Amino acid sequence: MGNLHLGGTALKPLVILGATGSIGRQAVEVAHRVGAPIAALAANSASDSLLEMGEAHPEAIVCVADPQGSEEHFRSVFGPRVRFGTQSVTEVAALGNTTVLNGIVGAAGLEASLSALNAGNRLALANKESLVAGGSLLTRALADGGGELIPVDSEHSAIWQCIHGENVSHVKRLILTASGGPFRGRSRSEMVTVSVAEALAHPTWEMGPRITTDSATLMNKAFEVIEAHHLFSVGYDDIDVVIHPQSVVHSFVEFDDGVVKAELGFPDMRKPIQAAITYPERVSVPHQPFDLVGTDLTFEAPDLETFPCLALGYEAGRLGGTATAVLNAADEIAVAAFLAERIAFLRIADVVAEVLGAHDVYEPDSVAGVGAADAWARSHAEAAVTRFSS
Ligand code: MG
């Protein structure tokens with residue numbers, strides 16, 4: 001498959017990490033639409049969907065992080081182009097002159113992000129936990145490796161597009177929009193008995209179960225505040241969140257002279273994925289015509305008492321160091337426990353608050369340093385879950 005030439009710039013081959021997840025599948029679709037070759041497809045498990053994807057892309061390396069006994073079968077299908085283990089994912093992220101789309105879910109994505117940046121690749125980052133858990137490590141790898149870091153999160157893609165061509169020192173404030181999730185407008189007492197199915201029914205965005213639950217608690221927005229802090233070097237006092245249920249305005253940037261820019265569109269993750277892959281060009285693709293006639297766009301302040309996870313995010317961000325890695329790890333455990341119906345919805349914030357409150361923050365200087373805080377947080381969160389579930 002040849003590279004598509006855009007104004008003389010060839011699209012780099014794509015390495016898609018988390019290929020069978022929601023972002024990964026949409027990235028494969030975008031790659032086909034814009035004609036980007038796929039160099040590698042990596043997924044956590046040896047699923048049928050990875051088999052299908054691998055067969056549909058005979059030139060791609062196929063990585064299975066955790067094959068669980070499927071090695072022989074995968075080898076019989078793919079021969080020498082299949083690789084196994086988490087190390088194989090880190091290795092393909094370092095394939096020369098590629099765009100690495102990191103759609104891995106959770107803190108497991110950090111090493112692959114670092115590997116991509118250290119190799120000088122373009123990192124199209126959908127794994128927000130990379131920045132939440134290891135923001136300072138990523139910033140350093142970006143500076144040292146000479147790669148590019150392009151956000152694939154609708155809000156951050158919006159901000160990134162708004163500050164193209166601007167002097168970033170004139171950015172005064174970032175305003176992240178949030179849909180408010182399925183429980184917007186509810187009181188705490190109205191959320192005591194919410195079910196997993198209710199939490200997973202997101203009103204505007206279609207995403208995986210963890211991020212959808214994080215959207216319902218507003219923890220996703222907390223992560224995005226931290227993400228924005230690292231991506232755009234803006235202090236926490238200058239990052240605001242506004243609830244915007246229609247998810248049409250993807251975020252705002254206010255400049256020193258009072259000018260405010262925003263990026264708008266109907267919710268569709270393929271747009272930020274495509275922007276990250278084709279930058280600095282834009283590729284014409286079929287899309288829903290933009291028409292706001294008859295659509296009311298509304299904005300309201302977030303309710304931090306009902307949704308304490310957002311406040312916990314600001315608290316962890318201001319603490320800095322390992323606090324944000326702890327925030328993420330405790331949330332991963334708490335959300336998994338909620339999805340397994342071990343704890344109630346409101347307990348997610350309780351677990352995270354307890355673990356964050358017990359943590360002694362330090363500045364991590366390596367992945368191992370982040371990993372130690374992450375492991376500490378997971379075991380404390382497990383203990384809290386066990387207590388709350390009994
Ligand atoms: Mg987002």
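Keep in mind that this is a model prediction, so the values were computed, not measured. Heavy-atom basis, side chains included; hydrogens, waters and symmetry copies ignored. Just so you know, ligand 1 is whichever comes first in the structure, and atom 1 is the first atom listed for that ligand.
- Within Glu155, the N, O or S atom lying nearest to the Mg ion (ligand 1) carries the name OE1.
- Cation-pi geometry between Arg347 and Phe388 is satisfied (NZ or CZ under 6.0 Å from the ring centre, within 45° of the ring normal).
- Under 3.5 Å, the side chains of Glu198 and Ser195 contain a donor-acceptor pair of N or O atoms.
- The name of the N, O or S atom in Glu224 nearest to the Mg ion (ligand 1) is OE2.
- For the pair Asp238 and Arg173, the salt-bridge criterion is not met [side-chain N within less than 4.0 Å of a carboxylate O].
- The N, O or S atom of Asp153 lying closest to the Mg ion (ligand 1) is OD1.
- Between Tyr236 and Tyr314, the ring-plane angle classifies as perpendicular under the 30° and 60° cut-offs.
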